[in-house]
Amino acid sequence: MTAYGSFPGARPRRLRTTPTMRRMVAETRLHPADLILPAFVREGVSEPVPIRAMPGVVQHTRDTLRKAAAEAVEAGVSGIMLFGVPEDSKKDAAGTAGTDPDGILQVAIRDVRAEVGDELVIMSDLCLDEYTDHGHCGVLDAEGRVDNDATLERYAEMAQVQADAGVHVVGPSGMMDGQVGVVRDALDTIGKEDVAILAYTAKYASAFYGPFREAVGSSLRGDRKTYQQDSANARESMRELALDLDEGADMVMVKPAGPYLDILAKVADAVDVPVAAYQISGEYAMIEAAAEKGWIERDKAILESLTGIKRAGAQMILTYWATEVAQRLGRSWSGR
């Protein structure tokens, strides 16, 4: 055979010959500690409620949430992100159930903290959308628009009650301007300087949130395009990043993960704080639905999707498969 350039001396396929060879030279490795489990807890139910659009995911009771947290610890998962689902009768225009010390999310934080202590990083969604009767992430003004600054006052209250309940990390997710700084000040004011902030820095207005709205019993009317980012924009996310860091974010997040790997890579390259990505409900649902149809290999597709997110720069991945994948990875790591 005639040599062409460095060929045949250069044969990249030599490093792909066996599973062990491929594992040895892998540039990206998933580990159970990379994973965070998002979990929903619903008020007033005695049995877990399946989420139709997310096979295998449920709205937990308080008891089953505690069990899920313990299973996550056993599997080696690092964190749990809690979302409260209040009774419909408790929703109102200001989302007051979200700042009630005895509201479902605060009760769930205390439950999980009592169950697992510091063995799991307990994170809380800091947003009003689950608790408002209009389904938006903030309070509305007289014209029906989300009032940014009035909403910040509610976020400050929410941060304080979540911290008092025992949360390790708050996740302000509403994409209000100035939210990280207001939350930091609110926490520091009550002596909760050790509670960290995971900023939802680049949260895009996405079509892939659909199943999540079922999961939290959303009452949303309209959309969130006036406060979540436009999917066409990339530079805008870097501006949001600079603002969040300046306001005191301890960690930053890109959401969704899969459709925004370019944004994730930009963010990861730009910062020296931990970077998270949220593999959201629609990403989960698509893989589960295609696998159920027999169109893809479920387990391989899950691992490939998560590996791609980590390869793009995420140090932490929120995924509904966290415990399942951690269990599988744990067996793999222990066998090496």
Side-chain angles (χ1 to χ4, degrees), residues 36 38 53-54 81 83 125-130 132 134-138 140 144-146 148 151 171-180 198-216 218-245 247 249 251-271 275-290 301-302 304-321:
I36 297 166
M54 300 175 68
M81 174 65 79
F83 297 86
D125 179 54
L126 200 164
C127 196
L128 291 172
D129 59 314
E130 295 99 321
T132 54
H134 48 73
H136 279 286
C137 296
L140 305 183
R145 301 170 300 190
V146 175
N148 191 96
T151 297
S173 62
M175 291 298 288
M176 297 296 118
D177 294 338
Q179 63 185 12
V180 172
L198 170 58
Y200 282 60
T201 291
K203 183 179 180 182
Y204 283 86
S206 174
F208 294 100
Y209 293 134
F212 180 88
R213 291 176 184 161
E214 177 191 347
V216 296
S218 175
S219 303
L220 181 64
R221 299 191 293 269
D223 59 47
R224 300 186 173 120
K225 293 182 179 180
T226 63
Y227 45 102
Q228 293 178 354
Q229 283 185 238
D230 191 315
S231 61
N233 294 347
R235 287 193 300 271
E236 182 183 27
S237 65
M238 304 310 290
R239 185 182 185 198
E240 293 277 6
L241 175 64
L243 291 168
D244 283 352
L245 292 174
E247 292 173 26
M251 300 174 279
V252 296
M253 185 195 293
V254 174
K255 181 182 181 181
Y260 296 91
L261 294 180
D262 59 325
I263 307 301
L264 176 57
K266 287 177 182 290
V267 169
D269 286 344
V271 301
V275 176
Y278 197 146
Q279 185 182 55
I280 66 169
S281 59
E283 298 175 73
Y284 176 96
M286 287 191 299
I287 290 177
E288 289 287 355
I302 291 169
E304 184 175 338
S305 69
L306 292 170
T307 300
I309 294 166
K310 186 170 183 184
R311 187 184 64 242
Q315 294 162 265
M316 304 168 292
I317 304 172
L318 287 83
T319 176
Y320 299 98
W321 290 301

Does D244 use its side chain to pair, donor to acceptor, with the backbone of A249 at less than 3.5 Å? no
Looking only at heavy atoms, what is the nearest atom pair of S237 and I263, with distance? OG-CG2, 3.5 Å
Closest contact, heavy atoms only, D125 versus E130: OD2-OE2, 2.9 Å
I280 backbone acceptor or donor facing K255 side chain under 3.5 Å: no
Note, T201 side chain near V267 side chain (heavy atom, < 4.5 Å): no
Which atom of T151 lies closest to which atom of G138, heavy atoms considered: OG1-CA, 3.2 Å
Measuring from atom CG of L306 to atom CH2 of W321, what distance do you get when rounded to the nearest 0.5 angstrom? 7.0 Å
Do the side chain of Q179 and the main chain of M175 share a donor and acceptor less than 3.5 angstrom apart? yes
Could you tell me which non-hydrogen atom of L198 sits nearest to which non-hydrogen atom of A276, and how far apart they are? CD1-CB, 4.2 Å
Classify the angle between the aromatic ring planes of Y204 and Y260 as parallel (below 30°), tilted (30 to 60°) or perpendicular (above 60°). parallel
Closest non-hydrogen contact found for G174 with C127 is CA-SG, 3.8 Å
Within a reach of under 6.0 Å around NZ of K310, are more than 12 heavy atoms found that belong to other residues, nucleotides or ligands? yes
Minimal non-hydrogen separation, A314 against A277, with atom names: CB-CB, 4.0 Å
With rounding to the nearest 0.5 angstrom, report the OH to OH distance, Y209 to Y278. 9.5 Å
If you count every heavy atom of other residues, nucleotides or ligands that lies below 6.0 Å from E304 atom CD, does the total exceed 12? no
Answer yes or no: is there a side-chain heavy-atom contact under 4.5 Å between E288 and Y320? no
Measuring from L264:CG to K266:NZ, what's the distance to the nearest 0.5 Å? 12.0 Å
Applying the side-chain contact (heavy atoms from CB on, under 4.5 Å) test to I309, which of L318, I317, T319 qualifies? I317
Give, for atom CE of M81 and atom CE of M253, the distance between the pair rounded to the nearest 0.5 Å. 5.0 Å
Between E283 and S305, is any side-chain donor less than 3.5 angstrom from a side-chain acceptor? no
